[in-house]
Amino acid sequence: MLDRKYILENADAVKTNCRNRGVAVDVEAFLRLELARKEKLAQVERLNAEANAVSKSIGQMKTPEDKDAKKEEGRLFREQKNTAQSELETIEKELDAIHRSIPNMSHPEAPIGADDQANLRRFLGKTPVPTFDFKPLDHVQIAEKLDLIDFEAGARVAGAGFYFLKNEAVLLELALQRYAVEILMQAGFVPTTTPDLARNEVLQGTGYIPRGPETQIYSIDGTDLSLVATAEIPLGGLLAGEVVEAEKLPLRLCGISHCFRTEAGAAGKASRGLYRVHQFTKVEMFAFTLPDQSDAMHQEMLDLECKIFDGLGIPYQVVDTATGDLGGPAYRKFDLEAWMPGRGDGGEYGEV
RNA sequence: GGAGAGGUGGCAGAGUGGUCGAAUGCGCGGGUUUGCUAAACCCGUGAGCUCGUAAGGGCUCCGCAGGUUCAAAUCCUGUCCUCUCCGCCA
């Protein structure tokens, strides 16, 4: 979330950014409320200061009569303070609602545009898209032939969108995790496995909304926990409330976690096979950096992604994601999109 | 699941209603002394917000959220976390 002071001081830039990202927010209303909040806060603090001064003087009073008189005076100040405070809270609540919907600033170099149309292809990976002199099978057909994935059993146990990996597919999944983690460890990333559940507080802190009609998140009934949608969530909460020495940054972490997504509203979208499932396992890169290290870290991560995919011989393209296409808290995002044979008409690039 | 103990500044650790934003030690910064280093000694040293050109002032913060009170680190309630013991289970 953007700092309130930052918004106040950079109102025009914030408004432009909202427009670029296609987010409709009343920034003017925010500015009005923020000024009102400050004014009310000053009033609360003034009353508090007076009440504190009275309280302090009571200890020094000699006679019970003097004490009682001062107590009464103090009580009056506290009452006024409480009134002002509840007015302040009303303002804050209204302010907060707007504040939450103001998106982070996008990177100055991110292409401006409403959707994928503005995304710019930066480059292709080392491996060319293969051509076959026969009709290739897609992963679902291959898996069926070799008894690698059981979608029906997954559906019996947990419903559509779940699956059992079997036989060599299990070894392949483990091998891929191990392969990625080894590359990341060489690059100085500390490997972790994370909790697959996190407090809703942590979800919100990392930009995910646990409940509501649009949510991608599974919540555990009767608790304040949700299933994580990516290791980014627990890793983001890893140092919540802690102070980190600047010299220790950047802190590089990679997390292996299961990822759970409801995929609400995703019915009908390319959902055959393993492309859009409710649970999968992912190796995630994550870093805590100073703001001026952020661009370099972003590049470092992209280079590692490329290394991983080049090493596997998987064709891919890297795109600059447009302002209007950035998810939640994103500042800047390169997407590495892998070639997916059998998807679309014979194959297409898709997010991995 | 049951019983108990505890969560205080970067760390350790005192503090049971007002003079406590908080003793003391360590650490850290500056200085004195000094072939160098160390030791010793002296001074300083939490954070956020806010007003002010500044000097400086005010508010808030003792896990978190409420409550009692003129006044809460201190009393009450809830909650989270840590530790010890017992039970149950992988």
- Task: Could you tell me which nucleotide pairs with B:A14 by Watson-Crick or G-U wobble geometry, both distances under 3.5 Å, or answer none if nothing does?
- Result: none

- Base, sugar-phosphate, or nothing: which does A:Lys38 touch, judged by heavy atoms less than 4.0 Å apart? sugar-phosphate

- Query: Do the charged groups of A:Glu50 and A:Lys81 touch, with an N to O distance under 4.0 Å?
  - Reply: no

- Can you tell me, in whole Å, how much space there is between the C1' of B:U69 and that of B:C75? 10 Å

- Query: Please give, in whole Å, the distance from B:U19 P to A:Asn52 CG?
  - Reply: 11 Å

- What does A:Asp68 touch in the nucleic acid at a heavy-atom separation under 4.0 angstrom: a base, only the sugar-phosphate, or nothing? nothing

- Query: For residues A:Gln299 and A:Asp295, is any side-chain donor paired with an opposing acceptor at under 3.5 Å?
  - Reply: no

- Task: Write down the distance separating the P atoms in B:A71 and B:U50, rounded off to the nearest Å.
- Result: 26 Å

- Task: Any strand is fair game: report the nucleotide pairing with B:U77 by Watson-Crick or G-U wobble, both distances under 3.5 Å, or none.
- Result: B:A65

- Query: Among B:C70, B:U60, B:U50, which nucleotide sits nearest the side chain of A:Lys5?
  - Reply: B:U50

- So which nucleotide does B:C83 pair with, by the Watson-Crick or G-U wobble rule with both distances under 3.5 Å? B:G4

- Salt bridge between A:Glu284 and A:Lys282, side-chain N to carboxylate O under 4.0 Å? yes

- Taken to the nearest whole Å, CG/A:Leu238 to P/B:C81 is 17 Å

- Presence of A:Lys67 side-chain N/O under 4.0 Å of B:G18 phosphate oxygens OP1/OP2: no

- Query: Is a salt bridge present between A:Glu182 and A:Arg178, judged by a nitrogen-to-oxygen distance below 4.0 Å?
  - Reply: yes

- To the nearest Å, how far apart are A:Gln43 CD and B:C59 P? 15 Å

- Starting at CZ of A:Arg46 and ending at C1' of B:G57, how long is that distance when rounded to a whole Å? 14 Å

- Task: Please report, rounded to the nearest Å, how far the P atom of B:U50 is from the CG atom of A:Leu35.
- Result: 12 Å

- Checking N1-N3 plus N6-O4 or O6-N4 for Watson-Crick, or N1-O2 and O6-N3 for wobble, each under 3.5 Å, the partner of B:U33 is none

- Among B:G18, B:C80, B:C49, the one nearest A:Arg199 by side-chain distance: B:C80

- Query: When you compare B:C61 with B:U8, how far apart are their C1' atoms, in angstrom units rounded to a whole number?
  - Reply: 12 Å

- Item | Nearest-Å distance once atom P is located in both B:A47 and B:G9 | 14 Å

- Query: Expressed as a whole number of Å, how far does the P atom of B:A22 sit from that of B:U45?
  - Reply: 11 Å

- Taking CD from A:Glu45 and C1' from B:C59, how many angstroms apart are they, rounded to a whole number? 4 Å

- Query: Can you tell which of B:C49, B:G58, B:G18 lies closest to the side chain of A:Leu41?
  - Reply: B:C49

- Message: Whether A:Lys5 and A:Glu34 form a salt bridge (side-chain N of Lys/Arg under 4.0 Å from carboxylate O of Asp/Glu) is what I want to check.
- Response: no

- Message: Work out how far the P atom of B:C42 is from that of B:U33, and round it to whole angstrom.
- Response: 16 Å

- Query: From B:C59, B:A71, B:C51, pick the nucleotide closest to the side chain of A:Arg78?
  - Reply: B:A71

- Query: Can you check the A:Asn200 CG to B:C80 P distance for me, whole Å?
  - Reply: 14 Å

- So what's B:A55 paired with, Watson-Crick or G-U wobble, going by both distances under 3.5 Å? none

- Message: With a 4.0 Å cutoff (strictly under), does any side-chain N or O of A:Asn48 reach OP1 or OP2 of B:U60?
- Response: yes

- Message: Rounded to whole Å, how long is the line connecting atom NZ of A:Lys56 with atom C1' of B:G21?
- Response: 10 Å

- Item | Between B:G66 and B:A73 - P atom distance, rounded Å | 15 Å

- Have a look at A:Ala42 and say if it touches a base, only the backbone sugar-phosphate, or nothing, with a 4.0 Å heavy-atom cut-off. nothing

- Watson-Crick or G-U wobble mate for B:G44, both contacts under 3.5 Å: B:C28

- Query: With a 6.0 Å cut-off on ring centres, are A:Phe162 and A:Phe164 close enough?
  - Reply: no

- On a whole-Å scale, what distance lies between the P atoms belonging to B:C81 and B:C28? 35 Å

- Message: Need the pair for B:A72. Rule: Watson-Crick or G-U wobble, both distances under 3.5 Å, any strand; none if unpaired.
- Response: none

- Item | Sidechain N-carboxylate O distance under 4.0 Å for A:Asp66, A:Lys70 | no

